Amino acid sequence: MKSKKLMTILIAGAALMGATFGGCGNPVNDDAVFATLDDTKITMGVANFFAKYQQVMYDTSFMGYYGEDMWNNDLYGNGSALKEDVKNNVAEDLQKLYLLKAHMEEYGISISEDEEAALAKAVDNFIADNSKAAIRQIGAENKENAIEMLRLRTIEKKMRDRIIQDADTTVSDEEAAQRTFSYLQISTAAHTDENNNQVEYTEEEKAGLKTVAEGIAASSPETFETAVTDSGYTLNTASYGSAEDENASMDKAVLEAADALTEGQISGVVETDSAYYVLRLDKAFDEEATASKREELIKEKQENYYTDVIDGWKDESKWEINESEWEKVTFEEYFKLPEEEDTESLSEESTESGNAAENATENAADNPVENATENPLDDGSAAENTAENPADNMTEGEDPAENENSNDVEQ
């Protein structure tokens, strides 16, 4: 069983396996209208399931760090509470997914009977592996809510794969060409002293660091690496197109110095606001880095085209959210993981049903359930928002501290 992958997609193999829930369940009216996309009505049951599923991810990953009031805090520093950010992301995601669904016929995309059967089987196993209270709180008592999520993700993958085929992926040799250099970097920014205090370098100390850099710059191409490491520093490498690349992560002054080098040549000391650099140009044309850059640019063109197509559909359609219903979705009853001993017993009980779900999906064309729903609620916005979030550095698989105040429901 591919447990790691299946666990990330919630449904197949019961990704909520062993999760426990507190509170009184789900007060949302499944049949109420969440939003309309032209003439298509999207139910609150589906919207609530998407939101609650996202809540599971946040509660089980971050609540141990941020506490029970996490949902009311401005976690991303953008002036709004986390609950508003997540609900906005869910709403935008659903708009995109139903736009893709509405345009399936234009691209010859469909869901086969075997695929539909695989979706239903996966949801049946998910429901069987969780308590009634858990299923009620996440909004899956009507299993069609969960099936629709998998259906939409399956459509999304098929549509994206088809749409990007129409993208212009021409990348010129000039666009892709990469140069590669090795470099020494000596930081002149604030540093931690022996008392663990942040202190600035004095001008005298900076002069000493620059002298070290000058000594390394005087080495030969063959002894450059040894000169760096013998001085207690690490030799790094970087590839780039040109100093004019606006998306380059390296300081422009460093890239300009690299542009001036011939292959094998060492630069003088390059001074920036925060460091001294010394470079050695290793390859004036790096074939491997160029091939990698070409692939990166092709994917970027495909993604831009895909986004432009969807944005065009948004401009041509009417999207309206029923705010009075949508505000009923809250994250006040939170999700938590069970105790370790409960997880072990539930894991054993879930293996057989997880295998059944996996086998069912593998019989569908291109395994649409597993492929289309890997990390199913990640529409890109969550990743962007968490770029500067300390919780983003949490080790994969690490168990957040559990909150003792939740009222567990026994499975």
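Just so it is clear, the model here is predicted, and its values are computed rather than measured.
The aromatic rings of W313 and H103 sit parallel, their planes meeting at an angle under 30°, below the 60° perpendicular limit. By the 30° and 60° cut-offs, the orientation of the rings of Y277 relative to Y183 is tilted.
Side-chain atoms of N145 never come within 3.5 Å of backbone atoms of F49 as a donor-acceptor pair (strictly under, hydrogens ignored). In this structure a side-chain-to-backbone donor-acceptor pair under 3.5 Å is missing from T188 to K206. A donor-acceptor pair under 3.5 Å is absent between the side-chain atoms of S292 and the main chain of E288, judged by distance alone. A distance-only check finds a donor-acceptor pair linking the side chain of N130 to the backbone of F126 [under 3.5 Å]. A distance-only check finds a donor-acceptor pair linking the side chain of S242 to the backbone of E244 [under 3.5 Å]. At distances below 3.5 Å, not a single donor-acceptor pair connects side-chain atoms of N195 with backbone N or O atoms of N197. Without hydrogens or angle criteria, S239 side chain to T180 main chain gives no donor-acceptor distance under 3.5 Å. Between the side chain of D74 and the backbone N or O of G79, at least one donor-acceptor pair lies under 3.5 Å. With hydrogens and angles ignored, the 3.5 Å screen pairs no side-chain donor or acceptor of D59 with any backbone N or O of M63. Looking only at distances, a side-chain donor or acceptor of D245 sits under 3.5 Å from a matching main-chain atom of N247.
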Subject >> Worked check of side chain to side chain contact (heavy atoms under 4.5 Å, CB included) between I186 and V212 >> reply: CA-CA 9 Å; I186 300 179; V212 172; 4.1 Å; yes
Subject >> Derivation and outcome, salt bridge (charged side-chain N to carboxylate O under 4.0 Å, His left out), residues R153 and D93 >> reply: CA-CA 11 Å; R153 291 302 180 193; D93 193 28; 2.4 Å; yes
Subject >> Steps toward side chain to side chain contact (heavy atoms under 4.5 Å, CB included) verdict (L255, F181) >> reply: CA-CA 10 Å; L255 298 184; F181 61 89; 4.0 Å; yes
**OP:** Take W71 and Y58 through the test ring pair (Phe, Tyr, Trp, His ring centres under 6.0 Å) and record every step on the way to the result.
**Re:** CA-CA 9 Å; W71 289 99; Y58 276 88; 5.6 Å; yes
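Judged by distance alone, the side chains of N78 and S80 do bring a donor and an acceptor atom under 3.5 Å apart. A side-chain donor from one of N322 and S324 sits under 3.5 Å from a side-chain acceptor of the other.
Taking 4.0 Å as the cut-off between side-chain N and carboxylate O, E144 and R151 count as a salt-bridged pair. Salt bridge absent: K41 and D31 never bring a charged side-chain N and a carboxylate O closer than 4.0 Å. Contact check on R280 versus E225 returns no salt bridge, with no Lys/Arg side-chain nitrogen under 4.0 Å from an Asp/Glu carboxylate oxygen. A salt bridge links K143 with D124: the distance from a Lys NZ or Arg NE/NH1/NH2 to an Asp or Glu carboxylate oxygen falls below 4.0 Å. Checked for salt-bridge contact, K87 and E84 miss the test: no charged N lies under 4.0 Å from a carboxylate O. For the pair E148 and K101, the salt-bridge criterion is met [side-chain N within less than 4.0 Å of a carboxylate O]. Salt bridge E296/K299: absent, no basic N to carboxylate O contact under 4.0 Å. Comment: E246 does not engage K252 in a salt bridge, judged by the lack of any side-chain N to carboxylate O separation of less than 4.0 angstrom.
Between Y305 and I164, the closest side-chain pair of non-hydrogen atoms is not below 4.5 Å. M104 is not listed as a side-chain neighbour of K158, based on a closest heavy-atom distance of 4.5 Å or more. Proximity of Y276 to L184: side-chain heavy atoms (C-beta onward) are nowhere separated by under 4.5 Å. Between R179 and D286, the closest side-chain pair of non-hydrogen atoms is not below 4.5 Å. At a threshold of 4.5 Å between non-hydrogen side-chain atoms, the residues V46 and F34 do not count as touching. At least one side-chain heavy atom of E300 sits under 4.5 Å from a side-chain heavy atom of N304. Two residues are said to be in side-chain contact when any heavy atoms from C-beta on lie closer than 4.5 Å; V86 and Q55 fail this criterion. At least one side-chain heavy atom of T192 sits less than 4.5 Å from a side-chain heavy atom of Q198.
Interatomic distance, CG of L279 versus CD1 of I266, reported as 10.0 Å (0.5 Å rounding). Note: K314 NZ to T307 OG1 = 8.5 Å, rounded to the nearest 0.5 Å. Atom CD of residue E200 and atom NE2 of residue H191 lie 9.0 Å apart, to the nearest 0.5 angstrom. For the atom pair I155 CD1 and L150 CG, the distance stands at 11.0 Å (nearest 0.5 Å). One distance of note links CG of L94 with CE of M149; it measures 11.0 Å at 0.5 Å rounding. E116 CD to I111 CD1: the interatomic distance, rounded to the nearest 0.5 Å, is 6.5 Å.
Summarising the geometry of V90 relative to F50, their closest heavy-atom pair is CG1-CB, 3.8 Å, with the distance given to 0.1 Å. Of all the heavy atoms in R294 and D173, the pair that sits closest is NH2-OD1, 3.0 Å. The nearest pair of heavy atoms linking E175 to T170 is OE1-O, 4.0 Å. Closest approach of S110 to E115, counting heavy atoms only: O-OE1, 3.9 Å. Contact detail for Y201 and S187: the closest heavy-atom pair is CE1-O, 3.5 Å.
At most 12 heavy atoms of other shown residues, nucleotides or ligands fall within 6.0 angstrom of atom NZ in K283. Residue E303 places its CD atom among more than 12 non-hydrogen atoms of other residues, nucleotides or ligands, all under 6.0 Å distant. Applying the 6.0 Å contact sphere to CD of E323 captures more than 12 heavy atoms from other residues, nucleotides or ligands. No more than 12 heavy-atom neighbours from other residues, nucleotides or ligands sit within 6.0 angstrom of CG on D39. In E106, the CD atom is crowded: over 12 heavy atoms of neighbouring residues, nucleotides or ligands sit closer than 6.0 Å. Other residues, nucleotides and ligands contribute over 12 non-hydrogen atoms within 6.0 Å of the CG atom of D315. Within 6.0 Å of atom CD in E263, more than 12 heavy atoms from other residues, nucleotides or ligands are found, so the atom counts as buried in its surroundings.
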